[in-house]
Amino acid sequence: MFPKNTWYVACTPDEIDGKPLGRKICGEKVAIFRGGPEGKVAAVEDFCPHRGAALSLGYVEHGNLVCGYHGLAMGCDGKPASMPMQRVGGFPCNKTYPVVERYGFIWIWPGDAALADDSLIPHLEWAVSPEWAYGGGLYHINCDYRLMIDNLMDLTHETYVHHGSIGQDEIDESPVNTKVDGDHVYTSRYMDNIIAPPFWAAALRANGLDDTVHVDRWQVSRFSPPSHVLIDVGVAHAGHGGIDAPKEHKAAAIVVDFMTPETETSHWYFWGMARNFKPEDKELTKSIREGQGHIFSQDLEVLEAQQRNVLDYPDRRLLMLNIDAGGVQSRRVLDRMIKEEQNNPATEPA
Amino acid sequence: MFPKNTWYVACTPDEIDGKPLGRKICGEKVAIFRGGPEGKVAAVEDFCPHRGAALSLGYVEHGNLVCGYHGLAMGCDGKPASMPMQRVGGFPCNKTYPVVERYGFIWIWPGDAALADDSLIPHLEWAVSPEWAYGGGLYHINCDYRLMIDNLMDLTHETYVHHGSIGQDEIDESPVNTKVDGDHVYTSRYMDNIIAPPFWAAALRANGLDDTVHVDRWQVSRFSPPSHVLIDVGVAHAGHGGIDAPKEHKAAAIVVDFMTPETETSHWYFWGMARNFKPEDKELTKSIREGQGHIFSQDLEVLEAQQRNVLDYPDRRLLMLNIDAGGVQSRRVLDRMIKEEQNNPATEPA
Amino acid sequence: MFPKNTWYVACTPDEIDGKPLGRKICGEKVAIFRGGPEGKVAAVEDFCPHRGAALSLGYVEHGNLVCGYHGLAMGCDGKPASMPMQRVGGFPCNKTYPVVERYGFIWIWPGDAALADDSLIPHLEWAVSPEWAYGGGLYHINCDYRLMIDNLMDLTHETYVHHGSIGQDEIDESPVNTKVDGDHVYTSRYMDNIIAPPFWAAALRANGLDDTVHVDRWQVSRFSPPSHVLIDVGVAHAGHGGIDAPKEHKAAAIVVDFMTPETETSHWYFWGMARNFKPEDKELTKSIREGQGHIFSQDLEVLEAQQRNVLDYPDRRLLMLNIDAGGVQSRRVLDRMIKEEQNNPATEPA
């Protein structure tokens, strides 16, 4: 259950660097590549109209995606452009997918292309401002992308899953607040006057701040459809205003989470962290990325086992506690989008 | 096809040492752990009532099994005991499974808990007497547990599968005798005045006995429902009475086999050997365990290929020869138990 | 979709050297072994009539295939020959499969044994003449064997899949010609006055010929039912007659391809090369075999991805261009054979 008339992250630019990429997104097999005269990103069905080979196993030449089996050259527009010794005018065309390269990601619209509007891609200030640095990665996870939304909209799990890095008892001892604003859902938690957990103590030090004093810590998760969860996180020396403290008293960051459904029970998880302190420090970016990569890998086992349980116990209802409100409200937004799509089928056959 | 209102071996104590264990038993996903004030073994459905996480990925605290996702503490009685910042009174409960720790094993009753009676766990003298030593292990095998019962109730296969260790031509040259006594089935074979095969020659030497003279060898398999096969095995210097020979003339042991169904076509195989010579010799226990582990691993490939054949040739009937009588009679006992269960459904809904 | 009343390559002699082989062929699980008084090749269902064990896990003794579980000795005629302490007269028999050892291969007739006629095995001159040397190997490929026939009947793919070894641009710049002669299909391509690609330059050198001059190159693929594709390939110094040039001016070989269906979507691919220059040079045979093994492994990924696409896009038709005519015509021959079999069911129940 996922909306298709919306933008998802398909891949990162390094994944199509010098070669096409084959990836299943929302059930669609897609070949993504840099084509056309300027190397603009393009995406077509990963199926050669000649004999059904996977176009993504081929290569790009003269702006077309050349099939690695018999040389059919597929244009970015889904029309076969040429094939040695053949006239391709009557060849069947491939479905194409709107794709946009922006903010360090390749975005894809897997549904009705006629509805794609790139102004709907959310603005990501941290991706364009020199005041920010970003590092991230990708995991393939065998669970419904909505289980990951639940996970990120309820950070209580940090106490348990991420003990020793970002988890601490104060998290689940602090009340959580969820609010809905149109299609956006916010879940926030504030922990004042506590000891910074190891990850944040290191961030304070990296930012040239004392890590031995008490801090005010905050976590504000924001869900935006279809599957983006951006989390304002950080610590400030206690009593300076917490999330609103001046820059010199805090270490703040945005946890970035873009989940892209692969199938009903698997997804691509693009994770990362943007920070607005010491953005020029590439070693710091690398070490934060490694730390986060390790921490986020701890969720995999938990979520994949949860997915198996959900399938194995189809009759058991899950609870919806106050801490789950973020995930519950996010799913309502999604349900509404999916229903709308079903009521307004594609303007042309897919 | 397996009875559920009966005791199976769920695991060994070392498997729940300091951490819970998740295991599928008779189609039920179970989390087994040491809980309560005294660390008594407990077993509950491996499903957190909160969001369906696998409880077995959590940890034990204050006698409860704490979910490693959001901290729900599950009591040994299947009732959620607590959860940070939550009132758990109205939470749904988990199914629990009667479990008993005895004889160096954790026993589980996967069926109707109201019928569980721990006096039905068979007495294992070798597990409690200081005159005996035991060593064993666990294999996961992708075949119906009844194929393993067949295997153990017809030791003819030793000649072929275990050539060079416990197999020898005299086995299938000796007549086999099967008798049924209530729910127990016995298959026995006596081989008099033969050369001891390598495994038993080593046992004689370990017991301080001459291994170059002829011996009388015996194998008496006993099936007890639901899936226990204990085999009296050994050799005595020829002419001293064989199985009844005085201790100083023989090396005797019990092969221990507890099969626990996982699914219809897979099971957990707890194997081991109890011996009543040199019980204090831990090195001997270890070396016998290693030898047996190697020998018993030879059955895996054969049984898993047999299982695939049974599934691939659904219309072919298997033969029931005299050597198969042990397995055939054991299956009759099981069929009777299963039929009885179907005629007397659980006293309360599972 | 494969004919069964025909000869396929089952295995090579080294695969049954001293031990039986279990292999699924055209959906049939077969145990192949050397039995009888003279060690002649035999094939029976890979199922022990006693308890369903896989006979191929056993061993050969006194000309019979002895089951490695309980010692049933299966004769080459599918009749249980003996079993320790048992009378096997009334035991059910196994299906047998006609098998013939010829030309360095074991051939099997998986269909109606009554129709098997070993004069239908094609004559392979290169396998019997001292003027030729042969080296080859076996790959298991997860695709319909007909996708491999397509592959071999249209060598255009060499330009793309085998770039840097046997591929070169001139291949798909040269016209291809397909003709049908009864059940045989021929596709030929001639490239005159070109530079030899690396594989053939090495062959020229190995044959003591100058590899720096222009050559005439040829490729003549011949499909013979059910799934044999033999390809005349080679290069001759330009202007000496190409394929018809005298021996001292050319390096010529036959690419040998025998595809044996395992299931509808997988097959055993026996590949190799026969050459009629320097047949006594075993080092050359070895190095050609290694080079060919590497080149042919490049097809695997392409074909397996194509198979997945064909399954994932059941409604998309594949194109049938002139270059595909060889495969298309070969499939017509196969369709005719399969239809004939359906109209003339087996003379006796299988």
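Chain naming here is simple, since letters A, B, ... match the order of the sequence lines and numbering starts at 1 in each.
Looking at every heavy atom in both residues, A:Y313 comes nearest to B:E45 through CE2-OE2, 3.3 Å. Of all heavy-atom pairs between B:D46 and A:N309, the closest is O-ND2, 2.8 Å.
Using non-hydrogen atoms only and a strict 4.5 Å limit, no part of residues 138-150 of chain B faces chain A. Contacts of residues 63-72 of chain B with chain A at a heavy-atom distance below 4.5 Å involve B:V66, B:C67, B:G68, B:Y69, B:H70, B:G71, listed in sequence order.
The number of heavy atoms from other shown groups lying within 6.0 Å of NZ (B:K19) is above 12. At most 12 non-hydrogen atoms from other residues, nucleotides or ligands lie less than 6.0 angstrom from CD of A:E301. In A:E264, the CD atom is crowded: over 12 heavy atoms of neighbouring residues, nucleotides or ligands sit closer than 6.0 Å.
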Candidate pair A:I323 and B:M83, rule side-chain contact (heavy atoms from CB on, under 4.5 Å), full reasoning: CA-CA 11 Å; A:I323 57 170; B:M83 185 169 168; 3.6 Å; yes
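Counting only heavy atoms from C-beta outward, the side chains of A:Q306 and B:C48 never approach each other to under 4.5 Å. Residues A:L319 and B:R51 are not in side-chain contact: their nearest non-hydrogen atoms beyond the backbone lie 4.5 Å or more apart. The side-chain heavy atoms of A:M320 and B:H50, taken from C-beta on, include no pair separated by under 4.5 Å. Side-chain contact between A:Y160 and B:L57 is absent, with no heavy-atom pair separated by less than 4.5 Å. Side-chain contact check for A:V176 versus B:M85: every heavy-atom pair is 4.5 Å or farther apart.
Neither the backbone nor the side chain of A:D169 comes within less than 4.5 Å of any heavy atom in chain B. In this structure, chain B has no heavy atom under 4.5 Å from any part of A:E158. Looking at A:D299, there are no atoms closer than 4.5 Å to chain B (heavy atoms on both sides), in backbone or side chain.
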